[in-house]
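Structure first, commentary second.
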Amino acid sequence: MDQKKYWKVFFDIYDDLPRGGPGNEASLRKALDLMPELPPEPEVLDVGCGPGMQTKALARIIGGRITAVDNHPYYLDRLRKECAQEGLADRVTVKAGDMANLEFPPERFDLLWSEAAIYNMGFSRGLQAWKQFLKPGGYLVVSEAVWLKDNPPPDVRTFWEEYPALTTIQANLETIRACGYDLIGHFTLSEAAWWDHFYTPLVERLDVLRARYQGDAEAMEVIEQSQRETEIYKKYSDYFGYEFFICRK
Ligand SMILES: C[S@@+](CC[C@H](N)C(=O)[O-])C[C@H]1O[C@@H](n2cnc3c(N)ncnc32)[C@H](O)[C@@H]1O
């Protein structure tokens, strides 16, 4: 299948989901509770914001000014519209940008937030590249997929071969230290954080698209690949998960 068609079907699946990855407000609040020294009106950067459910939650909960960056124009338009509808537009700036080449003045932000997105450039590379934008003592909150248990069964190991950098919580903690951050805390996302705003709406969307793409074997393969992802998680959520890491410069 040509790339153009692959991405058309891919974005048909993901563009209008509530989130682009696992996460929820409970985990966001739990991370914020670990940062009592965050200033009252912080400057925040949300990297790989996607549809921006967490961007809007941050704007509502902590106030301050949020800059949300992503490289997918559809998400940026959608987030701009939703911020306007929800009265958040004066405090949320939505910006096109490449997370690997962010253009901000050094030490601009009190908090850099990135849920389920740092994998696009690699955990260590992201931590190193983004540090310059944090004020001294500024916080970095990232979520990243991790192995939760040794010896995963072949099914799940094969599934994750497409992200060979997947590693353990411990290895990520070592990377955080090696990149010169202090670790404030970390926790594993609940299963609800995968299902409520991500996999449950995803599975519903796949049903709609199966009807739309009936008879198109290439499109069906993209659809079934996403279905398999949800099934692997349902079956093997003991073995892998998403970890929130709260760090300080
Ligand atoms: C799995 S989604 C997570 C989105 C959102 N943070 C969430 O949790 O719902 C990953 C996001 O990273 C964005 N992305 C991928 N590569 C990027 C890049 N090089 N620069 C900026 N954003 C990128 C994608 O467009 C997508 O919105």
Side-chain angles (χ1 to χ4, degrees), residues 3 6-32 44-61 66-83 92-104 109 111-130 133 140-146 159-160 162-163 165-166 188-190 192-202 205 222 225-226 229-230 232-233 240-245:
Q3 284 294 298
Y6 172 82
W7 288 113
K8 155 122 186 48
V9 182
F10 180 91
F11 287 124
D12 261 359
I13 297 172
Y14 289 96
D15 267 353
D16 289 310
L17 297 183
R19 297 192 62 104
N24 61 9
E25 195 168 308
S27 55
L28 179 143
R29 285 182 181 275
K30 192 167 170 178
L32 289 174
V44 182
L45 176 64
D46 184 359
V47 182
C49 61
M53 183 181 260
Q54 75 295 330
T55 317
K56 292 181 289 169
L58 286 168
R60 274 190 282 105
I61 296 166
I66 320 245
T67 305
V69 173
D70 203 279
N71 68 354
H72 183 45
Y74 187 92
Y75 284 151
L76 300 172
D77 288 346
R78 187 180 147 191
L79 180 54
R80 272 189 205 105
K81 274 188 205 123
E82 291 180 12
C83 285
V92 178
T93 304
V94 180
K95 221 170 127 58
D98 175 4
M99 65 170 75
N101 288 295
L102 293 172
E103 291 177 355
F104 295 105
F109 297 101
L111 170 61
L112 196 153
W113 196 276
S114 184
E115 288 194 48
I118 197 170
Y119 69 88
N120 287 293
M121 61 182 290
F123 194 68
S124 171
R125 218 178 126 218
L127 292 185
Q128 289 174 61
W130 300 343
F133 304 116
L140 171 86
V141 176
V142 282
S143 71
E144 168 71 329
V146 290
F159 172 79
W160 279 102
E162 68 184 59
Y163 186 51
L166 185 75
T188 307
L189 281 189
S190 66
W194 288 72
W195 289 102
D196 293 353
H197 306 297
F198 187 43
Y199 280 166
T200 299
L202 171 60
R205 178 71 185 154
V222 185
Q225 202 177 322
S226 288
E229 180 185 321
T230 66
I232 288 280
Y233 182 71
F240 69 93
Y242 248 88
E243 193 75 6
F244 246 75
F245 297 98

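Order of listing sets the numbers, starting from 1, for every ligand and every atom in it. Count residues from 1 along the sequence.
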Ionic contact status for Asp77 with Lys81, cut-off 4.0 Å: no

Relative to each other, are the rings of Tyr199 and Trp194 parallel, tilted or perpendicular (30° and 60° limits)? tilted

Strictly under 4.0 angstrom, heavy-atom based: which residues surround ligand 1? Arg19, Gly20, Gly21, Gly48, Cys49, Gly50, Gln54, Asp70, Asn71, His72, Tyr75, Gly97, Asp98, Met99, Glu115, Ala116, Ala117, Tyr119, Asn120

Assign the ring pair Trp7 / Phe10 to parallel, tilted or perpendicular, where the plane angle (0 to 90°) is split at 30° and 60°. perpendicular

Applying side-chain contact (heavy atoms from CB on, under 4.5 Å), can you list everything that pairs with Asp16, at least two apart in sequence or on another chain? Tyr74, Arg78

Describe, in one word, how the ring planes of Phe11 and His72 are oriented to each other, choosing from parallel (under 30°), tilted (30 to 60°) and perpendicular (over 60°). parallel

Main-chain N/O of Val142 paired to Ser114 side chain as donor or acceptor, under 3.5 Å: no

